[in-house]
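When reading the values below, keep in mind they use all heavy atoms of this one structure, side chains included, and skip hydrogens, waters and symmetry mates. Sequential numbering from 1 along the given sequence is applied to the chain's residues. All values reported here derive from a predicted model rather than from experimental measurement.
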Amino acid sequence: VKDNFRPMLCLSFLAGAVLALCHFLYYMAIRYQTDTMWMVCIIPIAFSALFILPVFTISVVMIPVYNNSLMQIFRMAFLVYIKGFAKVLLGVVLTIALSVIGMLPNTFCHFVFGLAAAVTAPTILLGWTLFCYNRFDKDINPIICPELIGRGLYIPPEESSEEF
């Protein structure tokens, strides 16, 4: 906690600012009901969902692993995202799917999917973390930290073929 609170705090403030901007633009698009204003407001929201959200979610997993500045973390997270664009985007969608469905304006969706998201959150976040570690082993660790490749994996000892 002592080593990672500053970059996590900065990342949290940036994520909150992006979220506040997206909410502002969304309500602005609803208020001014012209097609032009709707497009002007929706384009930054789509950009945030396609690029900023995945990079931030990768950065959250990356901060405890690498001892770099936040800008270097963002660069490495963007590299991981671009190299595995489809897989990472699918992973983000699957990670937030229950929560998003739980936000639909329906009492059944709020209750059932909100409860399911809360109960399964630890498992889902563990899956996202392991997915990110796998992407790091493929995209970053061979170049920057080869000593981290496969670290923490259980490799059973080889059975000796010698007869006693």
Report task. Under the side-chain contact (heavy atoms from CB on, under 4.5 Å) rule, what do L11 and F74 come out as? Steps first, then yes or no, please. Result -> CA-CA 10 Å; L11 181 63; F74 284 153; 3.5 Å; yes
Query - Stepwise side-chain contact (heavy atoms from CB on, under 4.5 Å) check, F131 with I58 - result: CA-CA 10 Å; F131 171 78; I58 293 169; over 6 Å; no
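Inter-residue side-chain proximity for T57 and T95 is flagged as unmet; no heavy-atom pair is nearer than 4.5 Å. Taking the side chain as every heavy atom from C-beta outward, Y66 and N141 approach each other to under 4.5 Å.
For the atom pair OH of Y27 and SG of C22, the computed distance is 12.0 Å after rounding to the nearest 0.5 Å. How far CD1 of I144 is from CG of N68: 7.0 Å, rounded to the nearest 0.5 Å. Note that the CH2 atom of W38 and the CE atom of M28 stand 15.5 Å from one another [nearest 0.5 Å]. From N67, atom CG reaches atom CD1 of I73 across 8.5 Å, with rounding to the nearest 0.5 Å. Here the SG atom belonging to C10 is positioned 9.5 Å from the CZ atom belonging to F5, to the nearest 0.5 angstrom. Here the CD1 atom belonging to I140 is positioned 5.0 Å from the CE atom belonging to M76, to the nearest 0.5 angstrom.
Residues in residues 108-136 take part in these side-chain hydrogen bond (donor to acceptor under 3.5 Å, both in side chains) pairs, two or more places apart or across chains: R135-D139.
Listed by chain and residue number, F51 satisfy the ring-ring contact (aromatic ring centres under 6.0 Å, His included) test with F47 (two or more places apart in sequence, or in another chain).
Hydrophobic clustering, with ILVMFWY side chains joined whenever heavy atoms are under 4.5 angstrom apart, keeps L89 apart from I45. There is no path of hydrophobic side-chain contacts, each under 4.5 Å, that joins I43 to V18. Linking Ile, Leu, Val, Met, Phe, Trp and Tyr residues whenever their side-chain heavy atoms come within less than 4.5 Å leaves L70 and L9 in two separate clusters. By the rule that hydrophobic residues join a cluster once side-chain heavy atoms approach within less than 4.5 Å of another member, F56 and V100 end up as members of one cluster. Residues F24 and M37 are members of one and the same hydrophobic cluster, defined by side-chain heavy-atom contacts under 4.5 angstrom among Ile, Leu, Val, Met, Phe, Trp and Tyr.
More than 12 heavy atoms of other residues, nucleotides or ligands shown are found within 6.0 angstrom of CG on N106. Counting heavy atoms of neighbouring residues, nucleotides and ligands inside a 6.0 Å radius, atom CZ of F78 does not exceed 12 of them.
Between A29 and C41, the shortest heavy-atom contact is CB-CB, 3.5 Å. Here the shortest heavy-atom pairing between A49 and P54 reads O-CD, 3.5 Å. A pairwise comparison of heavy atoms in M62 and F136 identifies CE-CE2, 3.3 Å as the closest pair.
Centroid-to-centroid, the aromatic rings of Y81 and F85 come within less than 6.0 Å.
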